[in-house]
Amino acid sequence: MVPPSSTPPPNPQQIQQFLSSVLSQRGPSALPYSEDTKWLIRQQLVSLISNYPSLEPKTATFTHNDGRSVNLLQADGTIPMPFQGVTYNIPIIIWLMESYPRYAPAVYVNPTRDMIIKRPHPHVSPSGLVSIPYLHNWIYPSSNLVDLVLHLSSAFSRDPPLYSQRRPNPNPSPSPSPNPSINSSMTSTYGQHPPPPGPRVAATAAAAGYPPSPYGRVQHPQHSQARPTSTDDAAEVYKRNAMNKLVEMVHGDIIGMRKAREVEMEGMFSAQAVLRRREEEINKGLKEMQDEKEGLEQQLQVVLMNADVLDSWIRDNEGKIKNLGKKNNNVDVDEAIHCVDVLSKQVLDSTAADLAIEDVVYSLDKAVQDGVVPFDQYLRNVRLLSREQFFHRATASKVKEAQMQAQVANMAARISHFVS
């Protein structure tokens with residue numbers, strides 16, 4: 001990572017202008033964040049600076065492990081860390097990666113030349129990369145930078161990640177203090193002054209086998225008396241490490257259970273989609289069956305009406321059959337069937353004449369082929385017969401149309417009878 005390329009002024013209004021400017025850039029200099037999340041990035045950074053003025057938003061070049069470099073936003077500065085009744089500053093850098101805020105940012109502890117990272121530390125790697133449960137459980141869009149800093153302060157207060165290096169004193173005093181002073185370079189870096197002589201947290205670190213703490217003090221305790229000197233014995237250190245280890249194990253188990261539940265949920269969602277598709281198919285089939293049932297019911301009504309018409313016709317003609325049976329066996333064909341009305345009689349006559357003319361034309365065709373009838377006489381007869389046949393067919397068509405209208409009116413009357 002290289003030094004920041006631009007540093008905004010500390011004024012809150014200018015910081016907002018700086019964020020609006022860098023997030024609105026287009027072209028090759030645009031930051032690699034999604035357009036629909038830039039407003040949320042700006043809002044979270046403004047909220048972070050409002051709650052923690054010691055952090056400043058900047059843009060800098062981040063180099064990935066594969067050598068790829070990209071220009072990103074970062075929050076550089078210090079965060080407060082309460083430790084044994086005193087609040088110290090921890091220098092950190094919060095990198096907003098390309099996938100932020102949908103995925104967690106990258107947090108690094110940024111020690112000065114006079115600081116070293118505690119090894120081993122449950123949440124900080126030797127390279128300074130911070131790993132806490134809040135980063136692993138990052139949830140978009142509810143997770144934010146302010147809560148991240150709160151969790152970082154809480155995790156560091158349980159186990160500070162940095163210590164100051166021991167340096168030889170070039171000007172030893174006649175009566176040196178038994179505890180080295182807190183590193184003054186960090187306090188001057190972040191605008192603070194070295195604390196007055198007195199008991200130091202370094203005594204605790206020395207008793208536990210660690211170098212003295214480098215954290216510059218942000219605020220003094222409310223009381224004015226000297227702070228009591230406390231020591232961490234090996235049992236306390238072992239207990240704290242064991243608790244941290246248990247927390248990591250529980251966190252790992254929770255992550256595993258969550259992944260298993262996510263897999264189960266994915267399976268349930270797939271099954272739900274299949275069931276919904278089958279439900280749609282069943283509803284579609286049911287609707288088709290209902291439509292078919294309605295069509296069959298309509299056909300049944302038509303069949304019942306036709307059956308009623310046939311029964312009426314049979315009842316009306318039973319007497320005629322008996323009267324024909326009493327006569328001689330020589331039954332007159334013209335007397336066997338009688339039309340019920342004038343229209344039927346007219347249709348019957350027109351149809352009979354049409355068919356008769358058809359037979360005559362057929363016979364003329366055979367006669368012409370056999371040479372019995374001259375061709376000119378054949379043409380005259382066919383012309384006359386065709387004219388007459390046309391009139392018979394037109395008459396039959398008009399009569400059938402009138403009969404259809406009468407039948408429709410009769411069916412409507414019968415339907416009203418059945419419905420009532």
Side-chain angles (χ1 to χ4, degrees), residues 1-81 89-111 123-125 127-156 189-191:
M1 292 174 283
V2 301
S5 59
S6 60
T7 303
N11 187 288
Q13 184 177 1
Q14 294 180 350
I15 289 177
Q16 294 183 12
Q17 294 177 356
F18 165 76
L19 293 175
S20 300
S21 175
V22 297
L23 290 174
S24 62
Q25 291 180 357
R26 298 294 185 269
S29 60
L31 296 178
Y33 301 111
S34 177
E35 290 294 333
D36 58 341
T37 59
K38 286 185 177 180
W39 67 271
L40 183 59
I41 295 175
R42 179 183 180 278
Q43 179 181 353
Q44 291 193 6
L45 281 174
V46 170
S47 178
L48 176 66
I49 304 307
S50 300
N51 287 273
Y52 298 96
S54 59
L55 292 171
E56 296 181 359
K58 304 176 182 179
T59 57
T61 302
F62 184 88
T63 302
H64 291 275
N65 294 333
D66 56 1
R68 179 171 50 89
S69 298
V70 62
N71 197 31
L72 299 175
L73 277 171
Q74 64 170 208
D76 187 10
T78 62
I79 63 172
M81 183 203 73
N89 284 337
I90 298 294
I92 66 167
I93 297 178
I94 302 176
W95 286 94
L96 307 187
M97 308 306 291
E98 298 95 321
S99 58
Y100 185 85
R102 289 186 170 85
Y103 294 92
V107 182
Y108 287 87
V109 173
N110 188 27
H123 301 302
V124 181
S125 67
S127 63
L129 180 63
V130 179
S131 174
I132 60 174
Y134 189 81
L135 292 173
H136 292 294
N137 298 328
W138 186 271
I139 300 176
Y140 171 80
S142 59
S143 300
N144 55 80
L145 297 177
V146 176
D147 292 342
L148 171 61
V149 173
L150 290 175
H151 284 78
L152 288 173
S153 298
S154 177
F156 291 163
T189 302
Y190 297 101

Item to check | Gln17 backbone acceptor or donor facing Ser21 side chain under 3.5 Å | outcome: no
Checklist entry - Looking at side-chain heavy atoms only, is the closest gap between Leu135 and Pro105 below 4.5 Å? => result yes
Next on the checklist: I'd like to check the side-chain contact (heavy atoms from CB on, under 4.5 Å) partners of Pro53; sequence neighbours left out, ordered by chain and number.
Outcome noted: none
Checklist entry - Hey, mind stepping through Met97 and Leu72 against side-chain contact (heavy atoms from CB on, under 4.5 Å) and telling me if it holds? => result CA-CA 7 Å; Met97 308 306 291; Leu72 299 175; 4.1 Å; yes
Checklist entry - Quick one: does Tyr100's side chain have a donor or acceptor within less than 3.5 Å of a partner on Leu73's backbone? => result no
Checklist entry - Residues in side-chain hydrogen bond (donor to acceptor under 3.5 Å, both in side chains) with Ser154, at least two apart? => result Arg158
Next on the checklist: Suppose we screen for side-chain contact (heavy atoms from CB on, under 4.5 Å). Which residues come up paired with Ser47, at least two apart in sequence or across chains?
Outcome noted: Asn51, Val146
Checklist entry - Can you list the residues that meet the ring pair (Phe, Tyr, Trp, His ring centres under 6.0 Å) rule with Tyr134, with sequence neighbours excluded? => result Trp138, His151
Checklist entry - What residues form a side-chain hydrogen bond (donor to acceptor under 3.5 Å, both in side chains) with Ser24, not counting sequence neighbours? => result none
Checklist outcome for this item: side-chain contact (heavy atoms from CB on, under 4.5 Å) filter on Ser127, not counting sequence neighbours, yields Ser125, Leu129
Checklist outcome for this item: Taken to the nearest 0.5 Å, the spacing of Gln16 CD from Leu45 CG works out to 11.0 Å
Checklist outcome for this item: One should read off an interatomic distance between Leu19 CG and Ile41 CD1, to the nearest 0.5 angstrom, of 10.0 Å
Next on the checklist: Listing request: all salt bridge (Lys or Arg N to Asp or Glu O under 4.0 Å) pairs with a residue in residues 40-49, at least two apart in sequence or in separate chains.
Outcome noted: none
Checklist outcome for this item: Output for pair (Ile15 CD1, Ser20 OG), nearest 0.5 Å, gives 11.5 Å
Item to check | Point-to-point distance, once rounded to the nearest 0.5 Å, from NE2 of His123 to CG of Leu152 | outcome: 10.0 Å
Checklist entry - Do Phe18 and Thr59 have side-chain heavy atoms sitting under 4.5 Å apart? => result yes
Checklist entry - How far does CG of Leu55 sit from CD1 of Ile94, to the nearest 0.5 angstrom? => result 5.5 Å
Checklist outcome for this item: Smallest heavy-atom separation, Asn89 atom then Pro80 atom, equals OD1-CA, 4.2 Å
Item to check | Results of side-chain hydrogen bond (donor to acceptor under 3.5 Å, both in side chains) for Asn144 - residues two or more places apart only | outcome: Asp147
Checklist entry - Would you find more than 12 non-hydrogen atoms of other residues, nucleotides or ligands less than 6.0 Å from Asn65 atom CG? => result no
Next on the checklist: Filter on salt bridge (Lys or Arg N to Asp or Glu O under 4.0 Å), then keep only pairs touching residues 93-110, sequence neighbours left out; what's left?
Outcome noted: Asp36-Arg102, Arg68-Glu98
Checklist entry - Hey, are the side chains of Ile92 and Val130 touching, using non-hydrogen atoms and a 4.5 Å cut-off? => result no
